[in-house]
Amino acid sequence: MTVVRSLSDALELPPPRSAIRILGSGRRFMHYNRLAAVVLAVNTGFLVHAITVGWWADPSTLSLLVVANVTLAVLIRQQYVINLLFHVATDAPVRWPLAVRRILGKVYHFGGLHVGGTVAATLWFAFLAGVMTVRPSGVSAGLRTLTYAILALLVAMVVFALPSLRARLHNVFEVVHRFGGWTVLALFWAHALLTAAHQATFWALTAITLSVALPWLRLRRVPVRISRPSSHVALLGFDYGVTPFAGSSTTVSRSPLLEWHSFANVPTPGRNGFRLTVSRAGDWTGSLIDDGPSHLWVKGIPTAGVGNIDKLFARVVWVATGSGIGPCLPHLLSRDTPSRLVWSTRRPRTTYGDELVEEILAVQPDAVVWDTDAKGKPDLLALAYRAYVEFDAEAIICISNKRTTWHLVEQLEMRGVPAYGAIWDS
């Protein structure tokens with residue numbers, strides 16, 4: 001284990017390459033937002049065409065456009081679809097040009113399609129509600145009431161998904177998103193029947209319904225082994241017949257209808273089952289660590305996440321803070337992609353236990369570890385860049401809190417370094 005003693009051990013960062021790179025690497029222009037903008041642009045094109053040819057006031061056609069966007073928004077979040085997207089994107093061989101592979105590595109920004117589809121569907125439905133209001137001929141009072149109810153739910157779901165509200169009222173967001181979504185789906189079926197919608201609308205609603213139902217068909221209550229190396233961390237062990245792949249995550253819950261939390265899976269090569277690393281980061285994680293329940297709920301299948309992109313690169317630097325070591329661990333253990341670890345945490349052995357630390361050092365003897373209790377907060381950007389240069393890596397993957405992750409990714413991308421990290425959109 002390489003213990004960094006001072007920031008003088010880090011290489012000097014190069015300056016950002018150009019104004020265009022600075023603009024393109026900013027958060028507002030990240031791939032996630034670009035995908036959302038593409039969806040909205042395509043829908044704008046449909047709107048212009050609708051006005052030009054005169055079918056903008058046809059309720060059945062407008063309903064089809066609504067359902068088409070909802071279908072995109074729902075299916076792009078389906079676990080099987082997500083795994084397929086990652087499989088296709090990461091199947092590129094490392095001999096391909098880095099410029100191509102670094103773009104494929106942004107596959108985890110697919111949530112932009114979800115946002116674009118949801119916003120477009122809501123706008124189209126507002127347009128449909130307006131048409132039914134100003135042209136009430138042939139529209140029953142019951143149908144108008146149903147239309148307004150759907151619109152109100154769609155708007156509520158969009159509003160509570162806004163980053164500022166979602167961060168402050170996450171539990172409310174989750175309840176509105178889940179129960180509001182189920183209610184909207186049921187009302188969409190009723191709306192389609194009452195408006196004699198296109199046949200394509202019924203096929204789309206069928207696909208949406210199956211997509212929503214599939215994870216819940218795999219709902220189960222499973223036993224869990226919990227060890228607590230410290231009051232800050234719990235290590236959850238599962239062995240219920242599922243051994244997930246490295247780079248995947250599992251959602252767990254104590255109240256399946258109310259609150260779900262996703263954690264990176266840590267499978268150990270040659271062993272069945274897997275582990276999750278949970279740190280104290282709020283009421284839910286705190287009560288889990290303190291209570292130590294014997295069973296938890298899981299649903300769906302292991303789903304690919306940002307760490308899965310490591311296979312696109314010949315050599316990778318993993319940058320983790322605190323319990324961010326959990327998502328890194330399966331990749332370090334598998335050794336499928338040569339890697340170097342930079343880990344900033346408080347008292348690693350005291351907090352995470354000797355067993356876990358020794359497991360890490362066995363596969364990462366040259367890991368760079370910064371003990372924040374002993375030396376204070378490090379300049380992670382400088383440490384990450386040093387490891388990137390010395391290890392001759394092709395990419396850096398950061399697993400940390402939102403602020404740190406976004407800062408590192410943004411600053412590294414400005415300097416031409418392929419960098420990746422979660423975007424907290426799921």
Side-chain angles (χ1 to χ4, degrees), residues 79 166-179 215-216 218-244 246-268 271-303 305-307 320-330 343 345-357 359-360 399-402 404-405 422 424-426:
Q79 293 172 320
R166 180 174 176 173
R168 293 201 311 269
L169 304 169
H170 185 269
N171 290 347
V172 176
F173 155 78
E174 195 165 341
V175 169
V176 169
H177 213 67
R178 179 170 301 116
F179 292 103
W216 293 94
R218 296 177 63 90
L219 178 69
R220 67 187 88 174
R221 185 171 179 266
V222 300
V224 56
R225 304 180 308 276
I226 298 181
S227 61
R228 291 180 290 270
S230 71
S231 61
H232 180 71
V233 172
L235 304 177
L236 280 57
F238 296 90
D239 189 6
Y240 56 91
V242 173
T243 302
S248 64
S249 63
T250 292
T251 54
V252 298
S253 176
R254 300 180 73 173
S255 303
L257 289 178
L258 297 178
E259 190 173 4
W260 286 89
H261 294 264
S262 180
F263 298 95
N265 298 318
V266 185
T268 302
R271 296 184 190 174
N272 294 326
F274 62 100
R275 290 169 289 170
L276 303 178
T277 304
V278 179
S279 63
R280 189 181 295 272
D283 293 340
W284 192 89
T285 52
S287 65
L288 180 70
I289 294 172
D290 295 335
D291 299 345
S294 62
H295 289 74
L296 288 172
W297 291 90
V298 298
K299 68 180 173 75
I301 60 174
T303 308
V306 59
T321 62
S323 59
I325 190 62
C328 304
L329 188 54
W343 185 22
T345 186
R346 56 181 302 186
R347 297 176 297 175
R349 291 186 179 275
T350 302
T351 305
Y352 297 92
D354 288 333
E355 184 178 350
L356 184 66
V357 173
E359 187 177 14
I360 295 169
I399 310 294
S400 182
N401 58 60
K402 186 174 184 177
T404 300
T405 299
W424 285 271
D425 69 319
S426 58

Atom of Ala234, atom of Ile289 and distance for their closest heavy-atom approach: CB-CG1, 3.7 Å
query: Taking atom CZ of Arg346 as the centre, does the number of heavy atoms from other residues, nucleotides or ligands within less than 6.0 Å exceed 12?
result: no
message: Classify the ring geometry of His170 against Phe173: parallel below 30°, tilted from 30° to 60°, perpendicular beyond 60°.
response: tilted
field: Spacing of OG1 belonging to Thr351 relative to CD1 belonging to Ile325, to within rounding of 0.5 Å
entry: 12.5 Å
query: Of the non-hydrogen atoms in Trp297 and Trp260, which two are nearest, and what is the gap between them?
result: O-CZ3, 3.5 Å
message: Quick check: do Pro348 and Trp343 have side-chain heavy atoms less than 4.5 Å from each other?
response: yes
- request: Report the C-alpha separation of Arg275 and Thr268 in whole Å, then their side-chain angles, then the decisive distance to 0.1 Å, and conclude whether the side-chain hydrogen bond (donor to acceptor under 3.5 Å, both in side chains) test is met.
  value: CA-CA 8 Å; Arg275 290 169 289 170; Thr268 302; 3.0 Å; yes
message: Quick one, Glu259 and Asn171 - any side-chain contact, counting heavy atoms below 4.5 Å?
response: yes
Nearest heavy atoms of Gly292 and Arg228, plus distance in Å: CA-NH1, 3.6 Å
message: Please enumerate all residues that pass side-chain contact (heavy atoms from CB on, under 4.5 Å) together with Asn272, with sequence neighbours excluded.
response: Asp239, Thr243
message: To check you understand the geometry: which heavy-atom pair defines the closest contact between Ser323 and Thr277, and what is its length?
response: CB-CG2, 4.1 Å
- request: Nearest 0.5 Å please: distance from the CD atom of Glu355 over to the OG atom of Ser227.
  value: 7.5 Å
query: Are Leu296 and Leu288 close enough that some pair of their side-chain heavy atoms sits under 4.5 Å apart?
result: yes
query: When you check the gap from the basic side-chain N to the acidic O, do Asp290 and Arg280 get nearer than 4.0 Å?
result: yes
- line: Between Ile301 and Thr303, the two heavy atoms sitting closest are O-OG1, 2.9 Å
task: Report the C-alpha separation of Leu276 and Val252 in whole Å, then their side-chain angles, then the decisive distance to 0.1 Å, and conclude whether the side-chain contact (heavy atoms from CB on, under 4.5 Å) test is met.
output: CA-CA 10 Å; Leu276 303 178; Val252 298; 3.9 Å; yes
query: Any side-chain heavy-atom pair from Pro229 and Leu356 closer than 4.5 angstrom?
result: no
task: For a side chain to side chain contact (heavy atoms under 4.5 Å, CB included) with Leu329, tell me which candidate from Ile360, Ile399, Asn265 qualifies.
output: Ile360
Side chain to side chain, Arg254 and Asp291, heavy atoms closer than 4.5 Å: yes
Ser262 vs Thr250 side-chain heavy atoms within contact, under 4.5 Å: no
- prompt: Quick one: does Ser253's side chain have a donor or acceptor within less than 3.5 Å of a partner on Ser255's backbone?
  reply: yes
- prompt: Do you know the tightest heavy-atom contact between Pro244 and Phe274?
  reply: CD-CD2, 3.3 Å
message: Between Lys299 and Arg218, is there a side-chain heavy-atom distance shorter than 4.5 Å?
response: no
query: Between OG of Ser249 and CZ of Phe263, what distance do you get to the nearest 0.5 Å?
result: 10.5 Å
query: Do the side chain of Thr404 and the main chain of Ser400 share a donor and acceptor less than 3.5 angstrom apart?
result: no
- prompt: Between Glu174 and Arg166, does at least one N-O distance fall below 4.0 Å, as a salt bridge requires?
  reply: no
message: Ring-plane angle category for Trp284 and His261, please: parallel below 30°, perpendicular beyond 60°, tilted otherwise.
response: parallel
